[in-house]
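Indexing begins at 1, ligand by ligand and atom by atom, following the structure's order. Just the heavy atoms: all of them, side chains too, but no hydrogens, waters or symmetry mates, feed the values below.
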Amino acid sequence: MPYSGLNLDGMVALVTGSGRGIGEALAVGLAQAGADVAVSDLPAGMAEASGVQARIEDLGRRSAAYQMDVQIIEEINTGIVRVVEEFGRLDILVNNAGIRRRQAAVEVTEEDWDAVISTNLKGTFFCSQAAARHMIPQGYGRIINIASQLAVVAGENRAAYCASKGGVASLTQVLALEWIQHGITVNAIGPGPTETPGLLAADSRSPEELDQDLTAHMPLGRRMRPEELVGAAVYLASPSAGATTGHLLIVDGGWTAR
Ligand SMILES: NC(=O)c1ccc[n+]([C@@H]2O[C@H](COP(=O)([O-])OP(=O)(O)OC[C@H]3O[C@@H](n4cnc5c(N)ncnc54)[C@H](O)[C@@H]3O)[C@@H](O)[C@H]2O)c1
């Protein structure tokens with residue numbers, strides 16, 4: 001018989017930015033573990049989000065797709081209220097929506113800086129706040145922030161991104177301290193390089209440069225697949241993780257072990 005502490009039957013999850021990439025894999029993975037899962041994305045990602053909704057429904061779980069730009073606080077608040085109204089509760093929030101801009105520090109504009117910090121850090125905070133308003137009265141919640149291995153080690157040409165993910169790691173600890181008294185745990189996952197549409201689009205390096213980078217930094221010897229993050233998310237989303245809070249779980253193919 002499977003270990004029941006990892007079973008998410010009866011739980012309701014929301015994954016931000018889940019039309020594709022890591023968010024899609026986590027939304028489907030949480031559904032495979034038993035949760036009903038609300039999918040959300042930008043307007044441009046809604047067609048993909050509907051496809052993810054259909055994948056979740058094919059698993060026999062309930063799903064819906066919501067437009068939710070995590071840079072717009074009103075849209076966050078409205079979206080989370082709709083999830084609670086339509087699904088009856090919210091147990092698990094995965095703050096996955098994020099962007100990257102690869103550029104030398106001297107070339108970062110104010111617009112670049114604001115877009116990255118606003119999506120990755122501010123969005124994570126205000127989604128967590130909106131979710132906690134529902135989780136606190138129910139006395140239970142699981143918040144999982146998708147940080148990066150670059151929350152703890154530097155990446156060249158990633159000033160705003162590394163600052164945003166370091167901020168997410170710190171925020172994870174603060175919210176963990178504040179909300180554990182309400183039965184809410186707040187943890188983060190730090191993925192290493194993972195093959196997603198966003199990563200591929202942002203990477204202008206040649207295959208040779210990429211090979212050199214992976215050989216130098218990635219003991220795993222390849223980029224990760226989004227599905228390789230699902231087990232970590234299911235654990236942190238599960239009842240069995242009730243004493244695990246404020247933790248950054250690095251899943252990076254050994255990148256930071258060097
Ligand atoms: N792929 C990697 O190598 C890697 C490594 C470490 C951390 N991460 C983090 O994982 C998360 C997902 O990355 P990915 O590689 O799957 O990216 P991706 O670009 O493939 O997918 C990101 C999704 O987020 C959505 N999104 C972007 N801005 C949004 C906003 N303002 N509001 C709502 N949705 C928004 C996009 O539309 C897209 O569907 C990000 O937080 C990223 O920083 C990725």
Side-chain angles (χ1 to χ4, degrees), residues 14-29 38-53 65-80 93-102 114-128 130 144-153 155 158 160-169 171-172 188-203 205 210 213-214 217-218 220 222-230 232-233 248-253 255-256:
L14 166 66
V15 184
T16 66
S18 44
R20 69 182 199 187
I22 291 172
E24 174 180 11
L26 298 186
V28 172
V39 176
S40 67
D41 214 300
L42 293 171
M46 287 312 290
E48 287 174 310
S50 297
V52 178
Q53 175 188 345
Y66 300 94
Q67 180 182 310
M68 194 190 299
D69 182 339
V70 303
Q71 292 193 79
I72 304 175
I73 294 174
E74 201 183 324
E75 224 166 89
I76 293 171
N77 292 337
T78 310
I80 288 185
L93 168 69
V94 182
N95 285 306
N96 165 79
I99 60 169
R100 49 178 74 69
R101 293 195 185 175
R102 183 186 281 273
D114 287 348
V116 173
I117 300 291
S118 161
T119 308
N120 298 3
L121 181 54
K122 184 177 164 190
T124 294
F125 175 72
F126 281 101
C127 288
S128 302
I144 303 168
N145 299 326
I146 305 305
S148 168
Q149 97 279 24
L150 296 180
V152 296
V153 293
R158 304 288 192 97
Y161 186 80
C162 289
S164 75
K165 296 299 186 177
V168 167
L171 178 65
T172 299
I189 297 174
T194 306
E195 195 106 353
T196 64
L199 181 88
L200 296 175
D203 204 331
R205 292 173 295 173
L210 182 62
D213 189 28
L214 289 175
H217 292 109
M218 189 68 166
L220 186 63
R222 60 168 174 82
R223 286 171 170 161
M224 302 186 332
R225 296 184 302 277
E227 291 71 23
E228 290 176 299
L229 296 161
V230 169
L248 170 59
L249 177 50
I250 298 274
V251 184
D252 68 349
W255 184 289
T256 51

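- Ligand 1 is approached by Ala147 to a heavy-atom distance shorter than 4.0 Å.
- Scanning the protein heavy atoms around atom 30 (C) of ligand 1, the nearest turns out to be Leu42 CD2, 3.4 Å.
- Taking 4.0 Å as the cut-off, Lys165 counts as a neighbour of ligand 1 on heavy-atom distance.
- In terms of protein heavy atoms, atom 18 (P) of ligand 1 is closest to Arg20 NE, 3.4 Å.
- Among Thr119, Asn96, Ile22, the residue whose heavy atom lies nearest to atom 11 (C) of ligand 1 is Asn96.
- Taking the side chain as every heavy atom from C-beta outward, Val70 and Glu75 never approach each other to under 4.5 Å.
- With ligand atoms numbered from 1 in the order given, ligand 1 contributes 6 (C), 7 (C), 8 (N), 9 (C), 42 (C), 43 (O) to contacts under 4.0 Å with heavy atoms of Tyr161.
- Within ligand 1, the atoms closer than 4.0 Å to a non-hydrogen atom of Gly21 are 16 (O), numbered from 1 in the order shown.
- Looking at atom 6 (C) of ligand 1, its nearest protein heavy atom turns out to be Pro191 O, 3.2 Å.
- Listed for the Asn145 side chain is no donor-acceptor partner under 3.5 Å among the backbone atoms of Ala147.
- Side-chain contact of Asn95 with Thr124: a donor-acceptor pair under 3.5 Å is absent, judged by distance alone.
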key: Evaluation steps, side chain to side chain contact (heavy atoms under 4.5 Å, CB included), between Met68 and Leu14   = CA-CA 11 Å; Met68 194 190 299; Leu14 166 66; 4.0 Å; yes

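- Residue contact annotation: Gly192 has a non-hydrogen atom under 4.0 Å from ligand 1.
- Remark: among candidates Gly17, Gly79, Ala151, the nearest residue to atom 24 (O) of ligand 1 is Gly17, based on non-hydrogen atoms.
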ask   = Is there a side chain to side chain contact (heavy atoms under 4.5 Å, CB included) between Val168 and Ile146 once you walk through the steps?
value = CA-CA 8 Å; Val168 167; Ile146 305 305; over 6 Å; no

ask   = Would Leu93 and Ser128 count as a side chain to side chain contact (heavy atoms under 4.5 Å, CB included) if you check the C-alpha gap in whole Å, the side-chain angles of each, and the deciding distance to 0.1 Å?
value = CA-CA 7 Å; Leu93 168 69; Ser128 302; 4.3 Å; yes

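- Residue-ligand proximity, Arg100 to ligand 1, at heavy-atom distances under 4.0 Å covers atoms 1 (N), 2 (C), 4 (C), 13 (O), 14 (P), 15 (O), 17 (O), 19 (O), 44 (C).
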message = Would Arg225 and Glu24 count as a salt bridge (Lys or Arg N to Asp or Glu O under 4.0 Å) here? Give the steps.
response = CA-CA 12 Å; Arg225 296 184 302 277; Glu24 174 180 11; over 6 Å; no

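- Taking distance alone, with nitrogen or oxygen atoms compared against 3.5 Å, Ser148 stays at or beyond that limit from ligand 1.
- Within the 4.5 Å cutoff, side-chain heavy atoms of Asn120 are placed close to those of Tyr161.
- Donor-acceptor pairing under 3.5 Å is lacking for the side chains of Gln149 and Thr256.
- Pro226 is listed as a side-chain neighbour of Thr196, based on a closest heavy-atom distance under 4.5 Å.
- Heavy atoms of Gly45 stay at 4.0 angstrom or farther from ligand 1.
- Using a 4.5 Å cut-off on side-chain heavy atoms (C-beta onward), Arg223 and Leu214 make contact.
- Numbered from 1 in the order shown, with element, the atoms of ligand 1 that lie under 4.0 Å from a heavy atom of Met68 read 32 (N), 33 (C).
- Ala97 CB, 3.5 Å is the protein heavy atom nearest to atom 34 (N) of ligand 1.
- Taking every heavy atom of Asp69 and a limit of under 4.0 angstrom, the matching atoms of ligand 1 come to 30 (C), 31 (N), 32 (N).
- Annotation: side chain of Leu150 is in contact with side chain of Arg158 (closest heavy-atom distance under 4.5 Å).
- In summary, the atoms of ligand 1 found under 4.0 Å from a heavy atom of Pro197, numbered by their order in the structure, are 20 (O).
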inquiry  = Working note: Ile189 + Leu229, criterion side chain to side chain contact (heavy atoms under 4.5 Å, CB included); need CA distance, chi angles, decisive distance, verdict.
reply    = CA-CA 8 Å; Ile189 297 174; Leu229 296 161; 4.1 Å; yes

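- Looking from atom 20 (O) of ligand 1 to the surrounding protein, the closest heavy atom is Gly198 N, 2.8 Å.
- At a 3.5 angstrom cut-off on N or O pairs, Asp41 counts as close to ligand 1.
- Taking both residues in full, the closest heavy atoms of Val39 and Gln53 are given as CG2-N, 4.2 Å, listed atom of the first, atom of the second, then distance.
- Contact annotation: the side chain of Val251 never approaches that of Pro191 to less than 4.5 Å [non-hydrogen atoms, C-beta and beyond].
- Within ligand 1, the atoms closer than 4.0 Å to a non-hydrogen atom of Ile99 are 27 (C), 28 (N), numbered from 1 in the order shown.
- Heavy atoms of Thr16 come nearer than 4.0 angstrom to ligand 1 in no pair at all.
- Between Val70 and ligand 1, at least one pair of N/O atoms sits closer than 3.5 Å.
- Salt bridge annotation for Arg222-Glu228: present, with a cationic side-chain nitrogen under 4.0 angstrom from a carboxylate oxygen.
- Of the protein's heavy atoms, Gly98 O, 4.1 Å lies nearest to atom 22 (C) of ligand 1.
- Residue-ligand proximity, Pro193 to ligand 1, at heavy-atom distances under 4.0 Å covers atoms 3 (O).
- Residue contacts with ligand 1 for Arg223 are absent, since no atom lies close enough (heavy atoms, distance under 4.0 Å).
- Protein heavy atom at the shortest distance from atom 14 (P) of ligand 1 is Thr196 OG1, 3.5 Å.
- Counting heavy atoms closer than 4.0 Å to ligand 1, residue Asn120 contributes nothing at all.
- Protein heavy atom closest to atom 3 (O) of ligand 1, with residue, atom name and distance, is Thr194 N, 2.7 Å.
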